[in-house]
Each structure stands twice: as structure tokens, then as C-alpha cells.
S.K.: 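Have a look at this one.
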Amino acid sequence: MTDTTNIPSPEATGPSTVAAEGWLLRRRPGAPDEDRVVALGRDAAHCTELLDGGDSWLVARGRPVPPASVVLMFPGVGDQRPGLSRDLYHAVPAYRAELDRVSEMLRPLLDQDLRELLLTDESGPTGWSLRELLQRDAGGPLSRTSLAQPLVFALEYCLARLLLHWGVRPAALVGYSIGEYVAACVAGVLDIRDALTLVTRRAALIEEVPAGAMLVVMLDPGDLAEHLRDDLWLAAVNGAGLCQVSGTPSAVARLAERLTSAGVATLPAPARHAFHSPLMDPVARPLERLLENIPLTPPSIPVLSNVTGDWLTDEEACSPGYWARHLCQPVQFAGNLARMWGMPRVLAVEVGAGQMLTSLANQHPARPRGPGTPPVVATLTSRGNDHGEVAAMARVLAHAWANGAWEPTAAGSGPADAERGKSWTSR
């Protein structure tokens, strides 16, 4: 058996264990310049067992020197579902307080309490089953852009605020579509109240636009261009041989048939509108006018731009016209990832539901490989995670600590955030 010591806590006078809802973070002792290993277990004995070999999902390994650069990645809509973050809400007071605060701000804007959806069980507050909530086009609340986008924004913002509260300090931020608004708000470009008003109004404007459709296509932009005829536009470049197309429903259906006949793989995207295309032009000018009355400030944390694929400049961040173009132009996410992977020792964290950005980041050709390379981790759902939301969030801290990007020494870090009986600090 391997001896273990605990990750120190700011409240503890002696050794302590970082924990939440029974999950503990324990490290294997070693010299400061050695690789770090930390286990996420149910108790001290479980941690020791994991450190001696066990569920790899529950063990983080990394090099603390040089420290990794944390990049928070915020996805767009598509993976939202009822019950998201319910366990986290009940287990972690800081998250509960933040979600309560944001939900109260959103209530008069949406005429809907966000918590009724995020904290529900599978039957949902409306009586629909989980499958109906996710699949109904006409009535399912999470299929409506006017609700889905504010919900996704609020969820991702609150998760990011929790990581910041725990002491995680991102070196950069990147979002996908509406996720870039989250990144901008976390970076201080937008005040949270203004951001919620903007996102809610933007989503309502989109609902007024005629229906559209989107299609994932396994082609490079150059090869795809010859297939883009009337009513079809490139909407996103996600990676090598991976694009999205927006257009009218009939045009997208015809494109899918043509490409399938040509042996090109396609997949319908779960979208009711033709995002990031000229079909969003009717929204652009009203959105720009709205932004002209909202204070915009340069980002305090570097943010990557979907519009250019490069770093968001101060001028762009403060320009209402930039955010109007953002809705109508293709998402250059492959370029964002190239810039991200050009940073030193990146620990990328997908902050939200699903693993789309995790997959894109891992598959990008610029992704560093080899020993000592930090992983890409997800906050709420991770492949192979049968351990729940609290464990997934604690796992982010484990990988950040193992890679020198987080130390539980600042006020407000994870160990300080506790409920009686479910303490982050256990002596």
C-alpha cells in the first residue's frame, strides 16, 4: 500500500483532505519537482487503493513545473437537458448561491424560473418525460431558442464562477457561438445583468426569424464550397474535415441527400434556425442597436474570437458591430483551437454540458501529445464518469493541482466551501 498525504486546506491547522459529498482528493507524497499524482476517492482507504492502481478516471497525474495554463471552453446549445447541475446545486453552497442569484435576475426576463428546468427530475415540471422535453420540436421548452440560450448561458456562467470561487485562475477563455458571450462576461466585457438582458433579447429576436436547419458535414471548407448553392452557407469550421452548414430546411435536406449519395458523411444538427449565416441578418441590426446602450469594456482575461479565429481585440470586444457580425458569420473554432494549443502547457476545461468541445480539442492536429501533456477535462459530464457531477467538478481541481495550475491556499478555494456533513475540509 502507498502512503498518502492530503492536499492542504487554508482552514486547516494540520493535514486535511479536500472533499465534497464524500469525495476526497489525496496526493501521493513526493519531492516538489516530481510528477504529481492525486486520487479522487470515497475515503482515505479508497484513495490509497486508487493510487496503487484502479479506476483511471479517478486518478490525476501531471507535472507541476512549469504550471499549466487553464483555458475554460464554453460550448453552445445542443446538450442542455432537464436536471443539469441538480446534484451540484444541492451539494455545493457556492454554486447554489450563484445559480439562485442568476435565476432571480432571469426570472422577469424569461417569465420562467430557470431552476424549474435545471433542478427537476426526469418527469419535469410540465409533466413531460425527459425524452419528450428533449425531442419535442413544437412544445418542449428546451428546444426553444428563447429559453435554451439563456439557460445555457446561465449554467456555464455559474459553473465558471464556481471554479473562480475555488481559486482556479484561467489564462484564457474560448466559447462556441453563445458560449463566446459567456467568455466575454467572465472576462468582464459585459456585466452579468447586461449580459442576461442581451442574451435573452437576442434569443427572442432569433425566434422571430423563419425556421432554418443546420448540417454537420465531414468535409474541409474548400471541398465543401462547391456544394454550397442557393440558401446554403458555411456556418462553422470545427476541425480538419469537419464543418457545419446552415440554410433553409429544404436546401439543407437536399444537400444531405446529395452528399450522402456522394459518400460524404453528414449528421443533422439539433438546431431550429440557420445560425451563423445571412439568414440571421434580420437580427443583426436590432442586436447592434441594443448593444449601443450596453457598456462594453476590454477583456481582463484573453478571449478567443469565433469571428476571426484569433484573439479578440479590445476594439472588437467593445464594438456593437462585432457582436452583430458574430451571429451572422461562420464560427472559426478550428482556428480558436490552433491558437489555444499554441499556448504553453494548456489544461483545457469544458465548462458546461456535454463533451463536444472536449472532442474537438482532443482531435485538433495542433494538440500536443506525449508524456506530461495535460488532459482535456469536462465539468458536468465526462466519458466514463459514473460518479456524478460533484466528482466531475472535483476532478477538474485534481487535474489542475496535478499540473501546477491550482493550489488550495486562497480564501474561497474548494476546501472553504462546505455544508455540515459534506465538508470540503475534513481533519
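Quantities reported herein were computed from a predicted structural model and do not represent experimental measurements. Keep in mind that the numbers below use all heavy atoms, side chains included, and drop hydrogens, waters and symmetry copies.
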S.K.: Could you give the distance from CG (Leu296) to CD1 (Ile294), rounded to the nearest 0.5 Å?
M.R.: 7.0 Å
S.K.: To the closest 0.5 Å, what do you measure between OG (Ser103) and CD (Glu116)?
M.R.: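 Going from OG on Ser103 over to CD on Glu116, the span is 10.0 Å.
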S.K.: For Pro249 and Ala211, which heavy atoms make the closest approach, and how far apart are they?
M.R.: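 Shortest heavy-atom contact: CD-O, 3.5 Å.
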S.K.: Quick one: do Glu288 and Arg285 make a salt bridge, cutoff under 4.0 Å?
M.R.: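 Salt bridge between Glu288 and Arg285, a charged N being under 4.0 Å from a carboxylate O: yes.
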S.K.: Identify which one of Leu24, Leu58, Leu51 satisfies the side-chain contact (heavy atoms from CB on, under 4.5 Å) criterion when paired with His46.
M.R.: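 Option passing the side-chain contact (heavy atoms from CB on, under 4.5 Å) with His46: Leu58.
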S.K.: Are side-chain heavy atoms of Gln332 and Thr308 found at a separation under 4.5 Å?
M.R.: no
S.K.: Would you confirm whether Thr297, through its side chain, and Gly188, through its main-chain N or O, come within 3.5 Å as a donor-acceptor pair?
M.R.: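 Flag set: sc Thr297 to bb Gly188 pair under 3.5 Å.
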S.K.: Which of these passes side-chain contact (heavy atoms from CB on, under 4.5 Å) with Tyr157: Val182, Val351, Val199?
M.R.: Val182
S.K.: Do Ser359 and Gln363 meet the criterion of a side-chain donor-acceptor pair at a distance under 3.5 Å?
M.R.: yes
S.K.: Hey, is the main chain of Ala317 close enough, under 3.5 Å, to the side chain of Trp323 for a donor-acceptor pair?
M.R.: yes
S.K.: Would you indicate whether the side-chain heavy atoms of Val376 and Val346 approach each other to under 4.5 Å?
M.R.: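 No, too far: nothing below the 4.5 Å cut-off.
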S.K.: So that I can tick it off, tell me whether Arg339 and Asp310 are bridged by a salt bridge, with the cut-off set at under 4.0 angstrom between side-chain N and carboxylate O.
M.R.: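 Yes, charged N to carboxylate O under 4.0 Å.
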S.K.: Taking side chain as C-beta onward, heavy atoms only, is Glu98 less than 4.5 Å from Leu162?
M.R.: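 They are not in side-chain contact.
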S.K.: Going through the distances and angles, do Arg169 and Leu164 end up as a side chain to side chain contact (heavy atoms under 4.5 Å, CB included)?
M.R.: CA-CA 6 Å; Arg169 296 292 174 257; Leu164 292 170; 3.9 Å; yes
S.K.: Can you tell me how far CZ of Arg325 sits from CG of Asp281, rounded to the nearest 0.5 angstrom?
M.R.: 12.5 Å
S.K.: Please answer whether the main-chain N or O of Tyr89 pairs with a side-chain N or O of Arg96 as donor and acceptor at a distance below 3.5 Å.
M.R.: yes
S.K.: Quick one: are Leu219 and Leu242 in side-chain contact, heavy atoms under 4.5 Å?
M.R.: no
S.K.: Quick check: are there more than 12 heavy atoms from other residues, nucleotides or ligands sitting under 6.0 Å from CZ of Arg193?
M.R.: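 Open.
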S.K.: Counting C-beta onward and ignoring hydrogens, is there a side-chain heavy-atom pair between His273 and Leu279 closer than 4.5 Å?
M.R.: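 In short, these two side chains do not touch, never coming nearer than 4.5 Å.
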S.K.: Does the side chain of Ser246 come under 3.5 Å of the side chain of His276 through a donor N or O and an acceptor N or O?
M.R.: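 No, no side-chain donor-acceptor pair sits under 3.5 Å.
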S.K.: Looking only at atom types and distance, does a side-chain atom of Glu350 sit under 3.5 Å from a main-chain N or O of Leu357, one as donor and one as acceptor?
M.R.: yes
S.K.: Side chains of Asn403 and Arg63 only: does a donor on one sit below 3.5 Å from an acceptor on the other?
M.R.: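 There is no such pair between these side chains.
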S.K.: Does the Lys NZ or Arg CZ of Arg27 fall within the cation-pi geometry relative to Trp401 - under 6.0 Å from the ring centre and within 45° of the axis?
M.R.: no
S.K.: Without placing hydrogens or testing angles, list every side-chain donor-acceptor pair under 3.5 Å for residues 224-240, not counting sequence neighbours.
M.R.:
unit_1, atom_1, unit_2, atom_2, d
Asn238, OD1, Tyr176, OH, 2.9
Asn238, ND2, Tyr176, OH, 3.3

S.K.: Give a yes or no answer on whether the side chain of Asp194 reaches the backbone of Leu190 with a donor-acceptor pair at less than 3.5 Å.
M.R.: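 Judged by distance alone, no pair lies under 3.5 Å.
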S.K.: What residues form a side chain to side chain contact (heavy atoms under 4.5 Å, CB included) with Val307, not counting sequence neighbours?
M.R.: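 Side chain to side chain contact (heavy atoms under 4.5 Å, CB included) check on Val307 returns Ser305, Tyr322, His326, Gln329.
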S.K.: Taking NZ, NE, NH1 and NH2 as the nitrogens, is one of them in Arg115 or Glu104 under 4.0 Å from a carboxylate oxygen of the other?
M.R.: yes
S.K.: Judged by atom type as modelled, is there a donor-acceptor pair below 3.5 Å linking the side chain of Trp341 to the main-chain atoms of Ala361?
M.R.: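 Pair found, side chain donor or acceptor close to backbone of Ala361.
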S.K.: For a side chain to side chain contact (heavy atoms under 4.5 Å, CB included) check, start with the C-alpha distance between Leu304 and Phe333, then their side-chain angles and the critical distance, and finish with the verdict.
M.R.: CA-CA 9 Å; Leu304 283 159; Phe333 198 70; over 6 Å; no
S.K.: Donor-acceptor pair, distance only, cut-off 3.5 Å: does the side chain of Arg345 make one with the backbone of Pro66?
M.R.: yes
S.K.: Is any side-chain heavy atom of Leu215 less than 4.5 Å from a side-chain heavy atom of Gln244?
M.R.: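 A side-chain contact under 4.5 Å is absent here.
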S.K.: Would Leu196 and Leu109 count as a side chain to side chain contact (heavy atoms under 4.5 Å, CB included) if you check the C-alpha gap in whole Å, the side-chain angles of each, and the deciding distance to 0.1 Å?
M.R.: CA-CA 8 Å; Leu196 292 172; Leu109 299 173; 4.1 Å; yes
S.K.: Stepwise, does the side chain to side chain contact (heavy atoms under 4.5 Å, CB included) test hold for Leu163 with Met393?
M.R.: CA-CA 9 Å; Leu163 291 174; Met393 289 296 289; 3.8 Å; yes
S.K.: Nearest 0.5 angstrom please: Ile192 CD1 to Thr197 OG1, how far?
M.R.: 9.5 Å
S.K.: Any ion pair linking Glu208 and Arg202 (charged N to carboxylate O, less than 4.0 Å)?
M.R.: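 Here Arg202 does not pair with Glu208 in a salt bridge, since their nearest N and O are not under 4.0 Å apart.
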S.K.: Strictly by side chain to side chain donor-acceptor pair (under 3.5 Å), give each pair with a member in residues 253-262 just once, sequence neighbours left out.
M.R.: none
S.K.: Are His399 and Trp406 near enough that their ring centres are under 6.0 Å apart?
M.R.: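 Distance test on ring centres: not under 6.0 Å, no.
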S.K.: Please identify which of these residues, Leu380, Val92, Leu159, Thr379, meets the side-chain contact (heavy atoms from CB on, under 4.5 Å) condition with Glu389.
M.R.: Leu380
S.K.: State the CZ-SG distance between Arg101 and Cys158, to the nearest 0.5 angstrom.
M.R.: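 It comes to 7.5 Å.
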S.K.: Counting C-beta onward and ignoring hydrogens, is there a side-chain heavy-atom pair between Val303 and Val189 closer than 4.5 Å?
M.R.: no
S.K.: Can you see which heavy atom on Pro344 is nearest to which on Ser69, and at what distance?
M.R.: O-OG, 3.0 Å
S.K.: With a 3.5 Å distance limit and no angle check, can you tell me whether Arg395 reaches the backbone of Leu40 through a side-chain donor-acceptor pair?
M.R.: no
S.K.: How many angstroms lie between atom CG of Leu84 and atom CG of Leu151, to the nearest 0.5 angstrom?
M.R.: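 Separation between the atoms: 7.5 Å.
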S.K.: Is the shortest heavy-atom distance from the side chain of Val59 to the side chain of Ser56 under 4.5 Å?
M.R.: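 No. Closest side-chain heavy atoms not under 4.5 Å.
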S.K.: For the CD atom on Glu292, are there more than 12 heavy atoms of other groups (residues, nucleotides or ligands in this structure) within a distance under 6.0 Å?
M.R.: yes
